[in-house]
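Note that this is a predicted model, so its numbers are computed, not measured. Hydrogens, waters and symmetry mates play no part in the numbers below; they use all other heavy atoms, side chains included. Each ligand, and each atom within it, is numbered from 1 in the order the structure gives.
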Amino acid sequence: MVQASAPGKCILFGEHAVVYGQPAVAVAIDQRMTVSLEISDVWRIDGMRFSPERHPHVESLKQRLWANGPSLSIKVNGDIPPASGLGSSAALSVAASAALRCARGRQIKDDDWGEGWTAARPNAVYTGPWDVEQGDSVQTGKDSVDVDECAILSHAVEASAQGGRASPLDSSTCSHGGCIVLSDKVESDLNWIYSRTLNDVSWEVHAVDLPKEIEDVWLVIGNTGIHAPTSEQVAKVARLLENEPGRMREIETIGIISRRGIAALKEGNMEGVGRAMSENHLLLRSIGVSCSELESLISAAAPSSLGVKLTGAGGGGCMIALTRNPKETSEAIELAGGRTLISKIAAHGLIVESDDNSPLWNPFE
Ligand code: PMV
């Protein structure tokens, strides 16, 4: 059996403003998705017959990594609530791409990848497969899995499942873990990892080194249980800016607050991070993406927190509280009618959890 897991994510700063080029900051959370694979007589997912329509991300990965491969039984487990802005589909895609890669191995030629997607070359090109020659080898198990490749694949399949539109924020955070910043330019004070381009839009993806002070704080995530599609919230902001172009000032202010939040994070100034989160929320409310249910969870969490805000697209979905008292904050949110999850900041990214190091399928034979 092959098994891999990947974390969910939440956005600390910059949602909506990132659509207009401002930086957005996401962190991986402790809640994860785990995917395991075994050879099977027919394609199954969680014991049921596999349906490409119900599982477009897995279907898309299957076509990219497992075309002509033998049937698999896929099991998906996890504690990331679906469709709530916490990256459940990206986490599933990252874990599934790692498990499929691990289960098939990778052709290697002179220390170079013979087959796969690499971020090291412009626009994440596909290399190989080459005809197998003497001197080529096949890398198997964990060693054949590459985090960048899983991020690329996850971004590609998310985009195809969402009609061509997806930023790499979820896919990069759920594969690399930690804290990821997306911007329209290279931010000189952060660790730039790679550029991503999709349908003429480009993003620069960075990682942030976090100090030990993050060990003393928690994120409490409060879920309203209301499903508000991201596309509708993004369209709502676009209409506002079209009707009132002066409101772009608020988008730019979110960018300024995000940069202040990143600086506070790097310094380990958790009070500063919390203040920036709450300020960010006031602007999100002002551009119309909060709702009364989010506001009541936010008011309930505020007295015991360093900072509170909605996270993701808004209109429903989730809020987050940065707190030193996770139990107290979580109880307050639950009393106000929200369901909660507790996470440390910046969880581990992709993990290959078990591999017997013999591929389930050798496509190079
Ligand atoms: O709810 P999520 O995690 O899909 O976040 C949406 C973030 C937006 O900035 C609102 C949209 C986007 O594409 O960046």
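- Between the side chain of R101 and the backbone N or O of D146, no donor-acceptor pair lies under 3.5 Å.
- In this structure, ligand 1 sits under 4.0 Å from heavy atoms belonging to K9, I11, E15, H16, V18, V19, G85, T230, V234, G312, A313.
- Residues satisfying the side chain to side chain donor-acceptor pair (under 3.5 Å) criterion with T329, sequence neighbours excluded, are S304, T323.
- A search for salt bridge (charged side-chain N to carboxylate O under 4.0 Å, His left out) contacts involving R275 returns nothing, not counting sequence neighbours.
- Under 4.0 Å is where a charged nitrogen must lie from a carboxylate oxygen, and between R324 and E271 at least one such pair does.
- In terms of modelled atom types and a separation under 3.5 Å, the side chain of S278 and the main chain of V308 share a donor-acceptor contact.
- Contacts of E59 classified as side chain to side chain donor-acceptor pair (under 3.5 Å), with partners at least two apart in sequence or in another chain: Q63.
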